Amino acid sequence: MSSALRHTISLIPQKHNSRCTITVVNSDNANTANGNAESDEITEISQDAVLLAISNQSRMRILGLLRMDGPLSVGRISEQTGMAPGSVSFHLRKLAEAGMAAKITPEHADARTSWWKATYRAMRPAPSEDNRLTGAQYAYRRAVAVTYESLYERYLDALNDLPDQWRAVGMCEDRSMELTPQEMDQMCHELDELVHRWQLRAQTAREQDKRNTQTADEVKRVQVVMQAFPWIP
């Protein structure tokens, strides 16, 4: 069990971190990364310029959409987010420069339409030897915090329009306890394992849903956000 701080953002269901390949994005390959978002890779970002390019709420939202539903056109992203197409294109270019997105040409697609995909499934800053934050790492984590907050706010804005059964479920709770660093790390590992088991369970159930359209109609994507950190008064 690693004691390194886990701070991975994906915004889509992913396989458990210990079963993933770690790809390091540094100054040598930051602008040429061409991974596949369908692979089980976590991208460790070691270059400050790449972290700063990603440290933007709009870019993180666009990247999340590409990972969940991509490839997507600029127009489709604009429709889903409410951003102007020109703004979407600008942020996509910045993500491409950082190696996090790539422009593609899907088969049978309109050549006049700009299509994009995410290049990696999930990302996190490469850990430092003493786990202190650089300025770029701090900016990145602040952007992640704002992204999570915005994600929950969009849920609240849509809550009254959800079906009855979905308005009645979910959770928003917090707990505090006194732990050692080792205990906290073990707790995080166990929570991660629990969610991983539910991911596997959901994958199996969705495969069954393909043969049972009645159940499939009730399925929605559910976001689980886990955070654990020392309490600061």
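No hydrogens, no waters, no symmetry mates; every other heavy atom, side chains included, goes into these values. Model, not experiment: these values are computed from the prediction.
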Nearest non-hydrogen partners of [X] and [Y], listed with the distance:
{"X": "Leu63", "Y": "Met100", "value": "CD1-O, 3.5 Å"}
{"X": "Trp116", "Y": "Lys103", "value": "CE3-N, 3.5 Å"}
{"X": "Ile77", "Y": "Leu65", "value": "CG2-CD1, 4.4 Å"}
{"X": "Tyr120", "Y": "Gly99", "value": "CE1-O, 3.8 Å"}
{"X": "Leu66", "Y": "Ala101", "value": "CD1-CB, 4.2 Å"}
{"X": "Arg59", "Y": "Ala53", "value": "NH1-O, 2.8 Å"}

TODO: Give a yes or no on whether the backbone of Ala143 and the side-chain of Thr147 come within a donor-acceptor separation of less than 3.5 Å.
DONE: yes

TODO: Verify, without hydrogens or angle tests, whether Ser78 (side chain) and Met83 (backbone) share a donor-acceptor contact under 3.5 angstrom.
DONE: yes

- [ ] Tell me, with the steps shown, if Gln186 and Glu190 meet side chain to side chain donor-acceptor pair (under 3.5 Å).
- [x] CA-CA 6 Å; Gln186 181 178 353; Glu190 291 177 2; 3.0 Å; yes

Do you reckon [X] sits in the same ILVMFWY cluster as [Y], going by side-chain contacts under 4.5 Å, direct or chained?
{"X": "Trp166", "Y": "Trp198", "value": "no"}
{"X": "Val146", "Y": "Leu133", "value": "no"}
{"X": "Phe229", "Y": "Leu179", "value": "no"}
{"X": "Leu92", "Y": "Leu52", "value": "no"}
{"X": "Val169", "Y": "Leu162", "value": "yes"}

TODO: Could you walk me through whether Arg221 and Asp69 pass the salt bridge (Lys or Arg N to Asp or Glu O under 4.0 Å) test, one step at a time?
DONE: CA-CA 11 Å; Arg221 180 179 289 122; Asp69 300 325; 3.3 Å; yes

Task: Residues forming a side chain to side chain contact (heavy atoms under 4.5 Å, CB included) with Ile104, sequence neighbours excluded - done: Pro71, Pro106, Trp115, Lys117

- [ ] Answer yes or no: are there more than 12 heavy-atom neighbours, outside Tyr138 itself, under 6.0 Å from its atom OH?
- [x] no

Open item on the list: I'd like to know whether CG of Asp130 has more than 12 heavy-atom contacts from other residues, nucleotides or ligands below 6.0 angstrom.
Closed with: yes

Task: Basic-acidic side-chain contact under 4.0 Å: Arg167, Asp161 - done: no

Open item on the list: Can you see whether Ser150 engages Arg154 through a side-chain donor-acceptor pair at a distance of less than 3.5 angstrom?
Closed with: yes

Open item on the list: Taking the side chain as everything from C-beta on, heavy atoms only, tell me whether Arg197 gets closer than 4.5 Å to Arg201.
Closed with: no

